[in-house]
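Only one structure is covered here, and it is reproduced in the block below.
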There are 2 protein chains.
Amino acid sequence: MTGEHSSKQYDMDLETIRSKVLLMGGLVESQFQDAVSAFRSGNVAQADQIIKADENVNNLEVSLDDACSHLIVKRQPAANDLRTVMATIKVITDLERVGDESTKIARAAKSISERGVTAINHYETIRVMAASAGNMLHDALDAFARLDGKQAIKLIAQDEAVDHEFRSIMRALITFMMEDPRTISGALDTLWVAKAIERIGDHAKNIAEYVIYIVEGKDIRHTDYAVSRLDERTAS
Amino acid sequence: MTGEHSSKQYDMDLETIRSKVLLMGGLVESQFQDAVSAFRSGNVAQADQIIKADENVNNLEVSLDDACSHLIVKRQPAANDLRTVMATIKVITDLERVGDESTKIARAAKSISERGVTAINHYETIRVMAASAGNMLHDALDAFARLDGKQAIKLIAQDEAVDHEFRSIMRALITFMMEDPRTISGALDTLWVAKAIERIGDHAKNIAEYVIYIVEGKDIRHTDYAVSRLDERTAS
């Protein structure tokens, strides 16, 4: 087997894995959208379905981790190629966690629905934040699909907006609870939903960081790299 | 270079990585203990120190990930050996997240301290849960150090006790908030601390699952494997 042949095989195997990761990404994206929609409608059957479907996400995680290990053993990639596989394994972990967070939203939807009507418009409280995090997740998967480092850099900055929205939701809910202590249980359910959405924003940011690692070969976790790159482009 | 020589080199490199992971484990363990102690004492300087020291944990994550990649490229491990490296990479991710959660506890300690005296004994509320999660983390690192699958199986079951404690803390805090709405902000800080501790229990459980993956070659994530193994031993 020539080196070129082996490298072609590697490329093909990697492409198979990447398309399955994107499949998993599409699945968790719709799980998240469905969870928000169940939170809006109070549809308990839909919430149950989301909780049950998390099993599929979990199974995808295990089988994709396995496929990545097989790829490494069979193709013994060089440092550059291995970087992509490693980053892909991390992306898979983040996607599985997005699935977990959607499950939590679905559980809160059930809890609020079972508790009945309250003074809080629960969905309205989280609507903007859910849309922001949903866009981040979508863009992160898109950046991963197209290996688009520029888009990845842009969306890392967006995570701060989601965190900001989370803090303002928390303040609003505290006001509700103080004015009417009967809203406390329901407000906490909404707070957990906001927390889950904030984590989904974090996971989208992580995915963006791995895309940059693949494209630029730089491990920018725990750095201000994305911010400085954005500044550069704004200045020029 | 003979196969045996290469395998010896692999073992040595892996042992170096493993001892650094345990160093990282020791660091996050003391970060967690210090965070709980700052939460107890309201010592803002200690809390600030914990938040600052998270940088060291982050740096360890990046350099250990890098060391694992180098090991794979240089030693090209076979499937069995690769399994250990892969699980080690996942353990590193979980340890970094434990560092993040300790930072959150330190932030809540500051926030409560800055808010002044309240009707809630914040530390007492989380004391038992913090001890349980601390033990889990310690035992998980110990199981990783000794590659002790039995201990790993045992501690996976303990995570349910931590989750149970979390739910009872939440109920207690809701009661406080309803009785005296002035406690709401402080109670929420304590709730975030309880949530962070609950996540640390989750990460300890994840580490235990990776130990079992290394020792037994079984990927038991998302299964009841540990429960059934415990049942077996109780029955016999």
Side-chain angles (χ1 to χ4, degrees), chain A residues 54-63 65-66 68-83 85-87 89-90 92-94 96-97 99-100 170-171 173-185 187-188 191-192 195 199 202 206 213 218-223, chain B residues 54-63 65-66 68-83 85-87 89-90 92-94 96-97 99-100 170-171 173-185 187-188 191-192 195 199 202 206 213 218-223:
Chain A
D54 191 44
E55 214 180 284
N56 303 332
V57 177
N58 294 343
N59 291 339
L60 276 170
E61 182 196 20
V62 172
S63 80
D65 274 357
D66 208 43
C68 289
S69 292
H70 269 98
L71 175 66
I72 294 171
V73 170
K74 254 172 52 193
R75 306 292 170 214
Q76 309 198 325
N80 263 358
D81 291 335
L82 184 64
R83 201 169 62 208
V85 186
M86 287 301 182
I89 289 170
K90 302 269 190 178
I92 294 162
T93 307
D94 278 296
E96 191 271 333
R97 302 275 157 90
D100 287 346
M170 187 153 79
R171 278 192 299 271
L173 288 170
I174 288 176
T175 308
F176 267 122
M177 291 190 270
M178 288 193 151
E179 281 172 1
D180 182 357
R182 285 169 304 175
T183 63
I184 286 175
S185 294
L188 285 184
L191 195 57
W192 295 129
K195 187 72 190 161
R199 308 278 319 186
D202 288 344
N206 291 346
Y213 180 60
K218 278 195 180 68
D219 194 333
I220 66 152
R221 291 177 293 176
H222 318 302
T223 72
Chain B
D54 191 45
E55 214 179 283
N56 303 331
V57 177
N58 294 343
N59 291 340
L60 276 170
E61 182 195 21
V62 171
S63 80
D65 274 357
D66 208 42
C68 288
S69 293
H70 269 98
L71 175 67
I72 293 171
V73 170
K74 253 171 54 193
R75 307 292 170 212
Q76 308 199 325
N80 263 358
D81 291 335
L82 183 65
R83 199 169 63 207
V85 186
M86 287 301 182
I89 289 170
K90 301 272 189 174
I92 294 162
T93 307
D94 278 296
E96 192 272 332
R97 302 275 157 92
D100 287 346
M170 188 154 79
R171 276 193 300 271
L173 289 169
I174 289 176
T175 308
F176 268 121
M177 292 190 270
M178 287 193 149
E179 281 173 0
D180 182 357
R182 286 169 304 174
T183 64
I184 286 175
S185 293
L188 284 184
L191 196 57
W192 294 129
K195 188 70 191 164
R199 307 281 315 190
D202 286 346
N206 291 345
Y213 180 60
K218 277 194 180 67
D219 195 334
I220 66 153
R221 293 177 292 177
H222 319 302
T223 71

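None of these values were measured; they are calculated from a predicted model. Numbered from 1 within each chain, the chains take letters A, B, ... in sequence-line order.
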Contacting moiety of [X], where chain A heavy atoms sit under 4.5 Å:
| X | result |
| --- | --- |
| B:E55 | neither |
| B:D94 | side chain |
| B:A78 | backbone |
| B:D65 | side chain |
| B:M177 | both |
| B:D100 | neither |

[atom1] of [X] to [atom2] of [Y]: how many Å apart, nearest 0.5 Å?
| X | Y | atom1 | atom2 | result |
| --- | --- | --- | --- | --- |
| A:L188 | B:L188 | CG | CG | 6.5 Å |
| A:I72 | B:L82 | CD1 | CG | 5.0 Å |
| B:R171 | A:S185 | CZ | OG | 11.0 Å |
| A:T183 | B:M178 | OG1 | CE | 7.5 Å |
| B:R97 | A:R97 | CZ | CZ | 6.0 Å |
| B:I184 | A:I184 | CD1 | CD1 | 4.0 Å |

Side chain proximity check, B:V73 to A:Q76, heavy atoms < 4.5 angstrom: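 Not in contact.
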May I ask you to test the A:H222-B:E96 pair for a side-chain heavy-atom distance under 4.5 Å?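 In short, these two side chains touch, coming nearer than 4.5 Å.
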Which region of A:M86, side chain (C-beta onward) or backbone (N, CA, C, O), has a non-hydrogen atom less than 4.5 Å from a non-hydrogen atom of chain B, or is it both or neither? side chain
Side chain from CB out, backbone as N, CA, C, O: work out which of these in A:E179 comes under 4.5 Å of a heavy atom of chain B, or both, or neither.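 For A:E179, neither part sits under 4.5 Å from chain B.
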Who are the side-chain contact (heavy atoms from CB on, under 4.5 Å) partners of A:D219, not counting sequence neighbours? A:Y213, A:R221, B:V62
